[in-house]
Protein chains: 2
Amino acid sequence: MAKQGEQKRSRPTIHGVAARAGVSTATVSKVVNGKKTGVSAETRRRVEAAIREMGYRPNRIGRNLRTQRHGAVGLAIVDPSPRFLADPFTTNLVAGLSNHLSKNDFGLLLYGVLPGRLAECSLIRISQVDAICLNPSGDRAERIESMRLVAGLGQPLVVFQDQPVPDLPDACFVRQDDHGGSAAIARELLRRNPRRAAMVITDIQWPAVENRVAGVSEVFADHNVTLDLIPCDETSAVAITDATTRYLDRNGIPDVIVGQNDQIAIAAIQVLRSRGLRVPEDVAVSGFNAFPFTGLAVPPLTTVKSRAYEIGVTAAGAIIERLESGIFSETDHLLPLELVHGQSI
Amino acid sequence: MAKQGEQKRSRPTIHGVAARAGVSTATVSKVVNGKKTGVSAETRRRVEAAIREMGYRPNRIGRNLRTQRHGAVGLAIVDPSPRFLADPFTTNLVAGLSNHLSKNDFGLLLYGVLPGRLAECSLIRISQVDAICLNPSGDRAERIESMRLVAGLGQPLVVFQDQPVPDLPDACFVRQDDHGGSAAIARELLRRNPRRAAMVITDIQWPAVENRVAGVSEVFADHNVTLDLIPCDETSAVAITDATTRYLDRNGIPDVIVGQNDQIAIAAIQVLRSRGLRVPEDVAVSGFNAFPFTGLAVPPLTTVKSRAYEIGVTAAGAIIERLESGIFSETDHLLPLELVHGQSI
DNA sequence: CTGAAAGCGCTAACAA
DNA sequence: TTGTTAGCGCTTTCAG
């Protein structure tokens with residue numbers, strides 16, 4: 001007696017619901033999973049009532065074991081800082097990914113990983129997910145190593161922002177055209193007929209940074225504009241202003257300053273203004289990303305609108321489709337970017 | 001024949017390993033789980049060899065089903081915006097929570113939830129985590145409703161930033177002393193002998209905002225300082241500057257402007273400067289949060305250093321302990337805050 | 001020290 | 001339409 005029906009204050013299972021509704025577990029399962037067919041309206045009502053009364057919530061583990069699906073996607077963000085969500089680009093990407101996944105009843109398992117420690121991450125070691133997303137950093141070789149490590153798990157892989165690696169078996173790349181975007185910025189800057197430009201960039205090697213530098217240097221090289229790179233720790237406002245100040249002290253004032261992102265551009269503008277220089281009259285400055293808050297810069301930045309949120313959404317869509325069809329129908333999603341005209345050039 | 005031993009290119013299971021090593025699954029399980037006792041050295045070696053040769057990795061789901069543990073914690077962030085990770089406070093909290101959880105081999109399942117839609121979230125509908133964290137918003141009644149909804153699930157609950165609700169059974173509150181911090185800010189502002197103050201706040205009702213408003217108003221009320229509230233959409237720089245501008249046009253220039261956070265304070269400073277007003281000479285301005293990048297403000301903000309990352313870490317610690325001991329040893333963690341002296345007051 | 005066996009909660013054939 | 005049943009991969013008694 002008192003074996004199944006009288007469950008002893010532990011959480012109700014499908015058996016308890018079945019007993020209460022006077023049906024079999026199979027029927028409850030059909031109702032829970034919204035199967036349209038195979039259950040009479042009357043039975044369905046009884047089951048739904050039992051579910052409500054008992055506060056039954058299906059246990060995902062049982063379902064997972066049976067279906068061999070986890071209903072979750074993992075995201076590893078490789079970042080040297082424990083504050084791996086500091087950049088608005090990343091947070092917008094995560095929001096887009098998470099929202100679109102949960103719309104399809106997938107969860108997002110979030111991991112920040114220090115460079116070189118990917119293999120130790122519990123996402124790789126133990127967590128079971130249906131697909132893994134990777135936001136790699138470091139130089140291209142390190143990034144490829146990360147991708148291969150994850151690809152070796154034999155799970156669908158989505159890589160953000162990096163150039164496709166052709167021989168990864170079950171992988172998909174989702175990125176925006178940072179190269180084209182920064183080339184557009186550079187062309188805009190050419191109107192100032194610059195002779196010398198400085199580009200302030202992070203000292204972390206993100207693929208996006210490489211592409212933005214490449215886009216700018218190619219355009220400038222074609223027009224004999226010298227390009228100096230100023231690397232710094234972009235997470236610290238002081239570090240940016242210090243590095244910029246040091247550059248100006250040593251090299252004099254360039255004709256244009258290219259910010260690798262808007263925060264950097266704003267910091268550069270601060271430095272210039274503190275020296276009594278006017279933007280854009282004396283020095284033109286450009287940003288990158290155009291997230292809402294950077295609209296506050298004075299003067300308004302000429303920048304490029306990044307599409308981080310859409311990258312997340314696109315990735316989620318690709319994963320859902322891959323999981324349903326068994327294959328990534330498209331393995332390289334490249335989102336085009338557009339210039340935002342401000343008054344800083 | 002060919003039933004268990006010859007597994008057909010799918011991942012090896014504990015049965016395959018057992019067959020190969022010529023032992024039972026129970027023995028393999030002991031070896032896999034590092035049980036020190038109950039397995040002879042010789043047997044252990046054979047099993048380990050089989051594991052290596054077959055590249056066996058235990059399936060987490062099977063283990064979970066048996067142990068009734070999910071190895072994951074859920075976080076629901078209630079936010080009217082789909083960009084639920086826009087605020088640095090939230091992202092720091094998430095980073096701290098995620099990092100400390102994964103250090104203990106727990107995953108973090110992240111959900112952005114629209115107000116009033118919590119019940120529809122799969123985190124709530126389906127049992128898939130060992131504990132739930134809630135970052136509530138809305139007015140106190142709505143927040144309490146959210147808490148009760150989650151608490152009704154019978155899972156350990158951690159609530160961020162809100163005032164404790166005494167009768168929630170298995171819950172723990174983790175928050176910082178926004179009230180005390182903003183009172184400190186207000187006392188600092190009193191040095192300017194203000195008669196009238198304006199506080200620019202978000203139009204979303206976060207508990208932190210309530211506390212910050214309360215801390216400021218109490219101090220000001222004691223000293224007969226009028227306090228006007230200026231609500232606006234803080235995610236948009238333009239909305240902040242518009243609301244502030246409108247206020248100044250209608251009410252004239254207050255003696256001090258209290259920003260509910262640093263972004264808002266910076267926007268307010270922009271507005272004041274564009275009118276030729278000096279900060280702090282003509283108007284004192286204060287911020288809140290002191291995340292790295294806001295050090296860039298001119299003049300440097302007088303603000304309060306928030307401890308979002310530590311809130312996340314504290315919550316993770318509380319959850320781990322709760323899961324091990326069966327009870328939250330402390331149900332209210334209140335982190336003290338400190339003033340950061342800048343030059344904006 | 002080792003193995004047989006009983007499930008953990010759920011789904012999906014298949015049978016009725 | 002509904003129920004019976006056989007597992008999914010694993011851990012854990014308990015008996016040998």
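Per chain, numbering begins at 1; letters A, B, ... match sequence-line order.
The side chain of B:Asn59 approaches D:dG9 more closely than any other nucleotide in the set C:dA12, D:dG3, D:dG9. Picking from D:dT2, D:dG9, C:dA5 the nucleotide with the shortest atom distance to the side chain of B:Leu65 gives D:dG9. When distances run from any side-chain atom of A:Ser29 to the nucleotides C:dA12, C:dT11, D:dT12, the shortest one goes to C:dT11. If you check D:dC8, D:dT11, C:dA12 against the side chain of B:Thr67, the one that comes closest is D:dT11. Picking from D:dG3, D:dT1, D:dT11 the nucleotide with the shortest atom distance to the side chain of A:Thr37 gives D:dT1. Of the candidates D:dT12, D:dT2, C:dC10, the closest approach to any side-chain atom of A:Ile14 belongs to C:dC10. For A:Ser24, whose side chain is taken as the heavy atoms from C-beta onward, the closest listed nucleotide among D:dT11, D:dT4, D:dG9 is D:dT4.
Contact annotation: A:Asn33 side-chain N/O to C:dT11 OP1/OP2 distance is under 4.0 Å. A:Thr13 has no side-chain polar atom (N or O) that falls below the 4.0 Å cut-off from OP1 or OP2 of C:dG9. Distances shorter than 4.0 Å separate some side-chain N or O of A:Thr27 from OP1 or OP2 on D:dG3. In this structure, B:Ser40 reaches the C:dT2 phosphate: one of its side-chain N or O atoms is under 4.0 Å from OP1 or OP2. Taking 4.0 angstrom as the limit, A:Thr43 places a side-chain polar atom (N or O) nearer than this to OP1 or OP2 of D:dT2. Applying the 4.0 Å criterion to OP1 and OP2 of C:dT11, one finds that A:Arg63 has a side-chain N or O inside that range. Contact annotation: A:Gln128 does not reach the phosphate of D:dG9 (side-chain N/O to OP1 or OP2, under 4.0 Å).
Under the 3.5 Å distance criterion, the side-chain polar atoms of B:Arg175 are left unmatched by any main-chain donor or acceptor of B:Gln161. B:Asp139 places a side-chain N or O within donor-acceptor distance of the main-chain N or O of B:Ala141, the cut-off being under 3.5 Å. Formation of a donor-acceptor pair under 3.5 Å by the B:Asp130 side chain with backbone atoms of B:Gly71 is found in this model.
A straight line from CZ of B:Arg45 to P of C:dT2 spans 12 Å, rounded to a whole angstrom. Summarising the geometry, the separation between NE2 on A:His15 and C1' on C:dC10 is reported as 8 Å, rounded to the nearest angstrom. For the pair B:Arg69 CZ and D:dT12 P, the computed distance is 12 Å after rounding to whole Å. For the pair B:Asn64 CG and C:dC10 P, the interatomic distance rounds to 14 Å; values are reported in whole Å. Atom C1' of nucleotide D:dC10 and atom CZ of B:Arg57 are separated by 15 Å, given to the nearest angstrom. As a whole-Å value, the separation of B:Arg66 CZ from C:dC10 C1' is 16 Å. Here C:dG7 presents its P atom at 22 Å from CD1 of B:Ile61, a figure rounded to the nearest Å. Following rounding to the nearest Å, B:Arg60 (CZ) and D:dG9 (P) show an atom-to-atom distance of 16 Å.
Using modelled atom types, one finds no donor on one side chain facing an acceptor on the other under 3.5 Å when comparing B:Arg11 with A:Gln68.
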Test salt bridge (charged side-chain N to carboxylate O under 4.0 Å, His left out) applied to B:Glu42 and B:Arg46, step by step: CA-CA 6 Å; B:Glu42 158 60 13; B:Arg46 275 221 315 288; 3.4 Å; yes
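Among the atoms of the strands shown, none is found under 4.0 Å from any heavy atom of B:Val32. Using a 4.0 Å heavy-atom distance criterion, B:Val23 is classed as a sugar-phosphate-only contact.
Along DNA chain D, the nucleotide closest to A:Thr25 and the one closest to A:Gly38 are compared, and the more 5′ of them pairs with A:Gly38.
Contact record, B:Gly112 with A:Asn99: O-OD1, 4.2 Å, taken as the closest heavy-atom pair.
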